[in-house]
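A short worksheet on the structure shown next.
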Amino acid sequence: MIALFLSKRFIKHDEYVMMNETGLKQFPFFSHVGAYSVQPQKPKDVLTSLTYTVSLLQQGKAVWLFPQGKKCH
């Protein structure tokens, strides 16, 4: 989120970031700085979020993705 803030502040570009819905519910502040949700465990929701991402990119907006994974045992 620091990268998003610095980019908005200094590059002055309309930017967004995809964020896990659980985290966004926990920290709703992020929706005010361009975060939108995805539920990775629900394929239909992933498709909806990716479709939204494509529409943002087609409008010339920037989208940040920070993939996070879980360590499997």
Side-chain angles (χ1 to χ4, degrees):
M1 293 312 295
I2 292 171
L4 179 66
F5 169 77
L6 292 174
S7 186
K8 278 185 179 268
R9 172 84 185 211
F10 296 108
I11 298 174
K12 308 222 189 278
H13 197 281
D14 199 6
E15 302 183 39
Y16 296 83
V17 64
M18 185 187 293
M19 186 173 179
N20 187 302
E21 186 170 315
T22 304
L24 195 55
K25 284 181 179 177
Q26 236 179 334
F27 305 103
F29 162 79
F30 289 120
S31 65
H32 299 290
V33 294
Y36 59 96
S37 69
V38 63
Q39 289 183 335
Q41 67 278 11
K42 295 184 177 181
K44 188 175 180 180
D45 189 67
V46 172
L47 182 59
T48 300
S49 295
L50 289 175
T51 302
Y52 180 66
T53 301
V54 168
S55 73
L56 291 171
L57 294 171
Q58 289 173 335
Q59 296 172 47
K61 308 202 187 285
V63 177
W64 291 74
L65 298 174
F66 298 97
Q68 295 175 329
K70 290 185 179 179
K71 188 175 181 180
C72 296
H73 298 282

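Here T22 pairs with N20 under the side chain to side chain donor-acceptor pair (under 3.5 Å) rule; sequence neighbours left out.
Under a hydrophobic-cluster definition in which Ile, Leu, Val, Met, Phe, Trp and Tyr are linked whenever side-chain heavy atoms come within less than 4.5 Å, directly or via other members, Y52 and V54 are assigned to different clusters.
For the side-chain contact (heavy atoms from CB on, under 4.5 Å) test with S49, the passing option among D45, L47, T51, V46 is D45; the others fail.
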In residues 33-40, what donor-acceptor pairs under 3.5 Å come from side-chain atoms, sequence neighbours left out?
{"from": "Y36", "atom 1": "OH", "to": "T53", "atom 2": "OG1", "distance (Å)": "2.4"}
{"from": "Q39", "atom 1": "OE1", "to": "K42", "atom 2": "NZ", "distance (Å)": "3.2"}
{"from": "Q39", "atom 1": "NE2", "to": "E21", "atom 2": "OE1", "distance (Å)": "3.2"}
{"from": "Q39", "atom 1": "NE2", "to": "E21", "atom 2": "OE2", "distance (Å)": "3.1"}

Exercise answer: donor-acceptor pairs, residues 56-63 side-chain atoms, under 3.5 Å, sequence neighbours excluded:
{"from": "Q59", "atom 1": "NE2", "to": "S55", "atom 2": "O", "distance (Å)": "3.2"}
{"from": "K61", "atom 1": "NZ", "to": "D14", "atom 2": "OD2", "distance (Å)": "2.8"}

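For residues 50-59, the set of pairs meeting the salt bridge (Lys or Arg N to Asp or Glu O under 4.0 Å) definition, not counting sequence neighbours, is empty.
Taking the six-membered ring for Trp and thresholds of 30 and 60 degrees, F29 and H32 have ring planes inclined between 30 and 60 degrees apart.
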